[in-house]
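Just so you know, residue 1 is the first one in the sequence shown, and it goes up from there.
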Amino acid sequence: MTPANTGGCATRAGLLDAFARYLDLQRGLSAHTVRAYLGDLAELLTFLGVGEGDGEPVGPALGSLDLPDLRAWLATMSADGAARATLARRAAACRTFSNWAYRNGLLGADVAARLRSPRADARLPSVLTPAQAAALLDAAADAVAAAGTTADDGTDADVAGALALRDRAVLEVLYATGVRVSELCALNLGDVDAARRTMRVLGKGNKERTVPYGGPAAAALEDWAQARPVLAAPDAGAALFVGARGRRIGPRAVREIVHRTAARAGVPDLGPHGLRHSAATHVLSGGADLRSVQELLGHSSLATTQRYTHVSAERLRAVYAQAFPRA
């Protein structure tokens, strides 16, 4: 099929730029998802024979693109050892691109409408036990006490203390709310309702939700609020958490905080997403229902919540014994 009108999308760079604007402005996808989908499209174009230069024409490749091409691309990556989760995301990227390109006259048909995603890997992520999570947060609190007099990197005690308070607050919020790292980095001062102990979180697809947090996180946030002016630069704006240079903190810095504190606490190494899963697991094991955990995590589908939360065998047996009359 021949595209009706490629217009500003006639080249590799033009097509990628137009698709990026659609994903960001119209679909409201996260920056992480936009980057992933653009990378997937770039690899697909290369597979279809489009040169890697920005000015390479895409018209011939789009004009001949069909469903077997997409299946062949996924099959090639599968043979190269790509994970099923990666293949599923790339299939989703194909469907999104195909639908957009068809509606904009770049494809003669929605060629990916019948493209099925590989079944996602059902393995559950690693999580901390409640005791390990407590040890992680205790290590963050110990670092606050130790930072009051000396700083390992030569910074003064005020800066070292502020960094330690920030790290503790970051960890407490991650565990208390189960927010994604991108959501935590996007938090502003006005998103925190200290009186109600809730946070306004902007999640995937620009969907807003309110999540609660408990006493330890409230205390950590209050301490961080007092120390924030030590680190915050004039252009920090309303960012709740700031990095060492005073601007809004980024995902990489948050990951480093989690990894560093896990090593100090002597607990299994995991990232912010592992801490999110740990929080969900502990809330669910404590008796919360799946719908409540779904709201807490901001999942659009309950099936996602079921996949990424665990319930201990002991908890299942206890619920069964209490609820079933012939237990």
> So does C185 get a backbone contact from the side chain of R248, meaning a donor-acceptor N/O pair under 3.5 Å?
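Such a contact is found between R248 side chain and C185 backbone.
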> In chain order, what residues pass the side-chain hydrogen bond (donor to acceptor under 3.5 Å, both in side chains) check against R228, with sequence neighbours excluded?
none
> In the structure I gave you, are the side-chain heavy atoms of L184 and P272 within less than 4.5 Å of one another anywhere?
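Contact flag for L184/P272 side chains = no.
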> What is the minimum heavy-atom distance between L70 and C94, and which atoms define it?
CD2-SG, 4.0 Å
> What are the two closest non-hydrogen atoms of D193 and Y213, and how far apart are they?
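Reported closest heavy-atom pair: O-OH, 3.7 Å.
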> Please say whether more than 12 non-hydrogen atoms of neighbouring residues, nucleotides or ligands are located less than 6.0 Å from CD in E208.
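Yes.
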> Check this for me, if you would: do R264 and D142 make a salt bridge, where the nitrogen-to-carboxylate-oxygen distance has to be below 4.0 angstrom?
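No salt bridge links R264 with D142.
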> N188 versus L240: any side-chain heavy-atom pair under 4.5 Å?
no
> Heavy-atom count check: over 12 atoms from other residues, nucleotides or ligands less than 6.0 Å from R260 CZ?
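Correct, the count exceeds 12.
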> Using side-chain contact (heavy atoms from CB on, under 4.5 Å), reason through L174 and V179 one step at a time and then give a plain yes or no.
CA-CA 6 Å; L174 284 173; V179 294; 4.2 Å; yes
> Please tell me if the side chains of V242 and W224 come closer than 4.5 Å, counting only heavy atoms from C-beta onward.
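V242 vs W224: side chains touch.
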> Stepwise, does the side-chain contact (heavy atoms from CB on, under 4.5 Å) test hold for R166 with I257?
CA-CA 10 Å; R166 180 208 62 189; I257 291 169; 3.7 Å; yes
> Around atom NE2 of H259, are there more than 12 heavy atoms of other residues, nucleotides or ligands at under 6.0 Å?
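Yes.
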> When you look at V58 and C9, which way does the side-chain contact (heavy atoms from CB on, under 4.5 Å) test go after all the steps?
CA-CA 8 Å; V58 297; C9 302; 5.7 Å; no
> If you measure from CZ on R114 to OG on S98, what distance do you get to the nearest 0.5 Å?
11.0 Å
> Do L136 and L275 have side chains that approach each other closer than 4.5 Å (heavy atoms only, starting at C-beta)?
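Result yes, sub-4.5 Å side-chain heavy-atom pair found.
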> If the plane angle is over 60° it's perpendicular, under 30° parallel, otherwise tilted; pick one for F97 and W100.
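Taking W100 first and then F97, their aromatic rings sit tilted (interplane angle of 30° to 60°).
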> Same hydrophobic cluster for V254 and V267, using side-chain heavy-atom links shorter than 4.5 Å among ILVMFWY?
yes
> Report yes or no: does D69 contribute a side-chain atom to a donor-acceptor pair with the main-chain N or O of D66 at less than 3.5 Å?
yes
> Hey, quick one: are L106 and L67 part of the same hydrophobic cluster, counting side-chain heavy atoms closer than 4.5 Å, chains of contacts allowed?
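Yes; tracing contacts between hydrophobic side chains, which count when under 4.5 Å, links both residues.
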> Can you sort out the partners of R71 under side-chain hydrogen bond (donor to acceptor under 3.5 Å, both in side chains), two or more places apart, ordered by chain and number?
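For R71 there are no side-chain hydrogen bond (donor to acceptor under 3.5 Å, both in side chains) partners, ignoring immediate neighbours.
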> Calculate, to the nearest 0.5 Å, the distance between atoms OH and CG belonging to Y37 and L16 respectively.
15.5 Å
> Are L189 and L202 linked, directly or through other ILVMFWY residues, by side chains that come within less than 4.5 angstrom of each other?
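No; tracing contacts between hydrophobic side chains, which count when under 4.5 Å, never links both residues.
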> State, yes or no, whether a side-chain contact exists between D54 and T11 at a heavy-atom distance under 4.5 Å.
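Sidechains of T11 and D54: no contact.
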> Of all the heavy-atom pairs spanning E172 and P216, show the shortest one and how long it is.
OE1-CB, 3.7 Å
> Indicate the atoms forming the closest heavy-atom contact of S117 with A88, along with that distance.
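Heavy atoms of S117 and A88 come nearest at OG-O, 3.8 Å.
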> In the single-linkage hydrophobic clustering (I, L, V, M, F, W, Y; side-chain heavy atoms under 4.5 Å), do L62 and F47 co-cluster?
yes
> May I ask you to test the H277-L297 pair for a side-chain heavy-atom distance under 4.5 Å?
no
> Do Q132 side-chain atoms and T129 backbone N/O form a donor-acceptor pair below 3.5 Å?
yes
> Can you measure from CG (D138) to CG (L171) and round to the nearest 0.5 angstrom?
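Interatomic distance, D138 CG to L171 CG, rounded to 0.5 Å: 11.5 Å.
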> Do L48 and W73 have side chains that approach each other closer than 4.5 Å (heavy atoms only, starting at C-beta)?
no
> Quick one: pull up CE in M199 and OG1 in T210 and give me the separation to the nearest 0.5 Å.
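Nearest 0.5 Å value for the CE-OG1 distance: 11.5 Å.
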> Please determine whether the number of non-hydrogen atoms from other residues, nucleotides or ligands lying under 6.0 Å from atom OH of Y102 exceeds 12.
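Counting neighbours around OH of Y102, 12 or fewer heavy atoms of other residues, nucleotides or ligands fall under 6.0 Å, so no.
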> How close do L231 and A162 get, heavy atom to heavy atom, and via which atoms?
CG-CB, 3.8 Å
> Can you find a side-chain donor-acceptor pair between R95 and N99 that sits under 3.5 Å?
no
> Flag the pair R209 / V201 as yes when at least one side-chain heavy-atom distance between them is below 4.5 Å, and no otherwise.
yes
> Closer than 3.5 angstrom, by distance alone: can the side chain of R12 be matched with the main-chain N or O of V50 as a donor-acceptor pair?
yes
> Testing the basics here: between F241 and A169, what is the closest heavy-atom pair and its distance to 0.1 Å?
CE2-CB, 3.7 Å
> If you count the non-hydrogen atoms of other residues, nucleotides and ligands that lie under 6.0 Å from CD in E43, is the total more than 12?
yes
> Has the side chain of H282 got a donor or acceptor atom that lies under 3.5 Å from a matching backbone atom of L128?
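Here the side-chain-to-backbone pair exists.
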> Quick one: does any side-chain atom of S78 pair with a main-chain N or O of L74 as donor and acceptor, under 3.5 Å?
no
> As an exercise, state the distance from CD of Q294 to CG of L296, rounded to the nearest 0.5 Å.
11.0 Å
> Does any donor atom in the side chain of Y22 or R103 lie under 3.5 Å from an acceptor atom in the other side chain?
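R103 and Y22 do have a side-chain donor-acceptor pair below 3.5 Å.
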> Find the distance between CZ (R252) and CZ (R255) and round it off to the nearest 0.5 Å.
8.5 Å
> Can a donor-acceptor pair be found, under 3.5 Å and without considering hydrogens, that links the side chain of T177 to the backbone of V173?
yes
> For E52 and T46, what are the C-alpha separation, side-chain angles and deciding distance, and is it a side-chain contact (heavy atoms from CB on, under 4.5 Å)?
CA-CA 7 Å; E52 297 189 1; T46 300; 3.9 Å; yes
